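In what follows, every chain begins at residue 1, and chains take the letters A, B, ... in the order their sequences are listed. Fair warning: this is a prediction, and the values are worked out from it, not measured in the lab.
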Amino acid sequence: MRLSRDFFERNTLDVARELLGKFMVFNGKVGRITEVEAYIGQDDPACHAARGMTPRNRVMFGQGGFSYVYFIYGMYHCLNFVTEREGFPAAVLIRGVESVSGPGRLCKTFGIDKTHSGVDLCTSDSFYVEDRGYKPACIKETPRIGIKVGKDKMWRFIDDAI
DNA sequence: GTCCCGATTCTA
DNA sequence: AGAATCGGGACT
């Protein structure tokens, strides 16, 4: 069944862990989420919201359960799911789904770009997340990847299935 | 307007 | 280790 607003509007670390094993659906394509990272609030230096609201990161400040997609390195898009209540900017970066590694490759595979930022995953018919009963056996926690600040936080979570 | 740099990926 | 590649955000 589809994840509701209540799932996303919680503590971001809980949402991040629980997104592992859920299935993202986008325009008929489906993938089981295997790797995520949390970006939490204005005190997290690696979070796009660390220096306040901008046109790009505006959706992070809104209700949980929306998509946040941004363009990076001149050629890749990265997909996030917004978490926490309206007014608290945080999101979970979807770094991988089964058999697709890396956030840039994931968006390319699914055909996701910044025009798909700000979609309400709790009401959209083409973009949402489902619980299909899968539960990861073991979750690995590591520092986040590809950042220069905020490396001290163990906010990367991987479905460590063997 | 200008400048620097990035939540990546691929090649060597 | 370095290149590819360009929009966003800070600053003038």
With no hydrogens and no angle check, is any side-chain donor or acceptor of A:R132 less than 3.5 Å from a backbone partner on A:K22? no
A:Y39 OH to B:dG6 C1', in whole Å, measures 11 Å
Within residues 59-85 of chain A, those residues having any heavy atom closer than 4.0 Å to DNA chain C are A:F71, A:Y73, A:G74, A:M75
Ranking C:dG9, B:dT8, C:dG7 by distance to the side chain of A:R95, first place goes to B:dT8
A:K153 NZ to B:dA7 P, in whole Å, measures 15 Å
Please assess A:N80 against A:V92 for the test side chain to side chain contact (heavy atoms under 4.5 Å, CB included), listing each intermediate value before the final yes or no. CA-CA 5 Å; A:N80 298 252; A:V92 174; over 6 Å; no
| Any side-chain donor-acceptor pair under 3.5 Å between A:D6 and A:S4? | no
message: Looking at A:D159, is its backbone amide N or carbonyl O close enough to the side chain of A:T34 to form a donor-acceptor pair, meaning the two atoms are under 3.5 Å apart?
response: no
Review point. Does OP1 or OP2 of B:dG6 have a side-chain N or O of A:K148 closer than 4.0 Å?
Key: yes
Atom NZ of A:K151 and atom P of B:dG6 are separated, to the nearest Å, by 11 Å
What does A:R144 touch in the nucleic acid at a heavy-atom separation under 4.0 angstrom: a base, only the sugar-phosphate, or nothing?
-> nothing
Taking the ring centre of each residue, are A:H77 and A:Y70 less than 6.0 Å apart? no
Is a side-chain donor or acceptor of A:T12 paired with a backbone partner of A:T83 at a separation under 3.5 angstrom? no
### Message
Once you apply a heavy-atom cut-off of 4.0 Å, does A:L93 come out as touching a base, just sugar-phosphate, or nothing?
### Response
base
When both distances are under 3.5 Å in a Watson-Crick or G-U wobble arrangement, the nucleotide paired with C:dC6 is B:dG6
When the P atoms of C:dT5 and B:dT2 are considered, how many whole Å apart are they? 23 Å
side-chain N/O A:T54 vs C:dG9 OP1/OP2, d < 4.0 Å: yes
Atom CG of A:D113 and atom P of C:dG7 are separated, to the nearest Å, by 13 Å
When rounded to whole Å, the CZ to P distance for the pair A:R58 and C:dG9 reads 12 Å
Using a cut-off of strictly less than 4.0 Å, decide whether A:R105 has a side-chain nitrogen or oxygen near OP1 or OP2 of B:dC10.
yes
To the nearest angstrom, the NZ-P distance between A:K114 and B:dA7 comes to 15 Å
- Message: Looking at A:E37 and A:R144, is there a salt bridge between them, counting it only when a charged N and a carboxylate O are closer than 4.0 Å?
- Response: no
_N/O (side chain, A:K108) to phosphate O (OP1/OP2, B:dT9) under 4.0 Å_ = no
Rounded to whole Å, CD1 of A:I112 lies from C1' of B:dT8 at a distance of 16 Å
| query | Are A:R2 and A:E130 within salt-bridge range, i.e. N to O under 4.0 Å? | reply | no
Among C:dG9, C:dA10, B:dA7, the one nearest any side-chain atom of A:R51 is C:dA10
Rounded to whole Å, the CG-P distance (A:N57 to B:dA7) equals 12 Å
